[in-house]
Amino acid sequence: MIRGLYTAAAGMVAQQRKHDTVTQNIANLNTNGYKQVESLVRSFPEMQLSRSGDSSSPFSKVIGSLNTGVFAEESMSMNVQGDLIPSDKITDFALYSDLRVTNPNTGEAIPFDASGKYISDNGDVIYKPQAYFTVQDEEGNVKYTRDGSFQVDAEGRLLSSTGYEVLSDNGEPIRLTGAMNQFKVDEQGQLVNPLTGRVTGERLGITIVDDPYQLVREGNGNYVLSSGRAGSARLLGAEDRVQVKQGFLERSTVDSAQSMVDLTAALRAYEANQKVIQFYDKSLEKAVNEIGRV
C-alpha cells in the first residue's frame, strides 16, 4: 500500500514538471527564435521481487518485477526550423537552415524526422545540425542565439536583443558606420557596401552546431555549449545550406493548440494521481483507527 503512495506521488511530480514545461512554451509563444521544449518522462528502473525466509519451498523464490513509477527525466528543445515573418526592419535577421548530413555508408543525405533526429540501423542517434548567430556578453563569453532582433547603439555596435555584441566570422564585434538605412547584408551573411554594392569582406558570425542538443539554455534565447563540446561547433561554410534573411524574424516553434491539449492532459493526469493518494490515505486511516482497535 505504501508503495502505491510513492508511485502516485512520483506521477504527480512528473505531471507537475510537464505542466511547467508547457506553460513555459505558452509564455514564449511570441518570443523570436524560441524552440518548443518537450518534457521527457520515463519509468524508474524495475525492481525484482523474491520471497525470503522460505528455504524449504520447492518453488522459485522469484516473484516478478515491480515498476515504481515515473519521473520527468529532462526537458529538451525541439531544434527545428521556425517560420519566417517579415518585420521590415533592417537590423532584424532570420536564419533559414536546411543542413544536410551524408551517410558515410550510402553516400546519400540522412533522412531526419520532423524533430531533426535519425536513428541508424545499429542504434546510433544522429541529430540535424543547426545554425546560430554568434554573440558575446560583457565578460567575453561566446553564446549562440536564433533571435535575430538586433539593434545598433550610439557607438555603432550591432547588439542582440539582450544587449550582447554580435560577432563577425573573425570573432570580432561588428561595428557599423554610415547611414543605418543603407545597412545591407546578403543571404550569405556578408555585409554589403551600399555605394558599390560589393561585399565588404565582413560577415555575420554564424555558427553551425553539429549536435544542437549539446547546447545548454541560459534564458533570453541564448545558448552555450556544454563543457567539452566546443569541437561540435564550427563557422558557416560555403557548402552549408543556410540563408540569412534581412528584414525577417524567426517565429517561435510553439504549437499553441497542441500546448493547450498537453496542458489539459497533464492537469487530468495530475488529478488522477491525486485521487489515488486520497484513496490510500483513507485506507490507511481506516486501518489505523478502525482495524487497529479490534
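Asn25 and Tyr34 share a donor-acceptor pair across their side chains, judged by distance under 3.5 Å alone. In this structure, a donor-acceptor pair under 3.5 Å is absent between the side chains of Arg203 and Ser168. Glu285 and Tyr280 share no side-chain donor-acceptor pair at under 3.5 Å. Using modelled atom types and a 3.5 Å distance limit, the side chains of Thr207 and Thr134 yield a donor-acceptor pair. Of the N and O atoms on the side chains of Gln151 and Arg157, not one donor lies less than 3.5 Å from an acceptor on the other residue. Residues Gln130 and Ser97 have side chains that bring a donor and an acceptor to within less than 3.5 angstrom of each other. Judged by distance alone, the side chains of Asp20 and Gln16 never bring a donor and an acceptor atom under 3.5 Å apart.
No more than 12 heavy-atom neighbours from other residues, nucleotides or ligands sit within 6.0 angstrom of CZ on Arg251. Other residues, nucleotides and ligands contribute at most 12 non-hydrogen atoms within 6.0 Å of the CG atom of Asn30. Summarising the local packing, OH of Tyr96 is surrounded by 12 or fewer heavy atoms from other residues, nucleotides or ligands at distances under 6.0 Å. A 6.0 Å sphere centred on CG of Asn122 holds more than 12 heavy atoms belonging to other residues, nucleotides or ligands.
Judged by distance alone, the side chain of Arg217 and the main-chain N or O of Met76 form no donor-acceptor pair under 3.5 Å. Counting only distance, with no hydrogens or angles, the side chain of Asn220 and the backbone of Asn222 share no donor-acceptor pair below 3.5 Å. A side-chain donor-acceptor contact under 3.5 Å links Ser252 to the backbone of Val254. At least one donor-acceptor pair closer than 3.5 Å links the side chain of Asp240 to the backbone N or O of Gly237. Side chain of Gln15 to backbone of Glu271: no donor-acceptor contact under 3.5 angstrom is found. A donor-acceptor pair is defined here as one N or O able to donate and one able to accept, closer than 3.5 Å; such a pair exists between the side chain of Gln36 and the backbone of Asp255. Side chain of Gln188 to main chain of Val242: no donor-acceptor pair is present (N/O by atom type, distance under 3.5 Å, no hydrogens or angles). Side-chain N or O atoms of Thr145 include one that pairs as donor or acceptor with a backbone N or O of Asp147 at under 3.5 Å. At distances below 3.5 Å, not a single donor-acceptor pair connects side-chain atoms of Ser226 with backbone N or O atoms of Leu215. Remark: the backbone N or O of Gly107 is not paired with any side-chain donor or acceptor of Asn103 at under 3.5 angstrom.
Phe93 and Phe183 have perpendicular rings, their planes meeting at more than 60° on a 0 to 90° scale where under 30° would count as parallel. The aromatic rings of Tyr127 and Tyr213 are tilted relative to each other, their planes meeting at an angle between 30° and 60°.
Pairing each heavy atom of Gln136 with each of Tyr164, the nearest pair is O-CB, 3.4 Å.
For the atom pair Thr23 OG1 and Leu263 CG, the distance stands at 7.0 Å (nearest 0.5 Å). The CG atom of Asn32 sits 4.5 Å away from the CG atom of Leu249 when rounded to the nearest 0.5 Å.
Between Lys35 and Glu250 a salt bridge is recorded (basic side-chain N to carboxylate O distance below 4.0 Å). A salt bridge between Glu239 and Arg100 is absent, with no side-chain N of the basic residue lying under 4.0 Å from a carboxylate O of the acidic one. Ion pair Asp92/Lys245 not flagged as a salt bridge, since none of the NZ, NE, NH1 or NH2 atoms sits closer than 4.0 Å to an Asp/Glu carboxylate oxygen. Note on Asp137 versus Lys143: salt bridge recorded, some NZ/NE/NH1/NH2 to OD/OE distance being below 4.0 Å.
For the pair Leu40/Ser75, no side-chain contact is recorded, criterion being any heavy-atom separation below 4.5 Å from C-beta on. For the pair Leu176 and Leu191, the minimum side-chain heavy-atom distance is below 4.5 Å. Inter-residue side-chain proximity for Val37 and Met78 is flagged as unmet; no heavy-atom pair is nearer than 4.5 Å. Taking 4.5 Å as the limit, every side-chain heavy atom of Asp186 sits out of range of all side-chain heavy atoms of Val244.
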>> Thr200 vs Gln190, test: side chain to side chain donor-acceptor pair (under 3.5 Å). Steps then yes/no.
In response: CA-CA 7 Å; Thr200 63; Gln190 301 179 101; over 6 Å; no
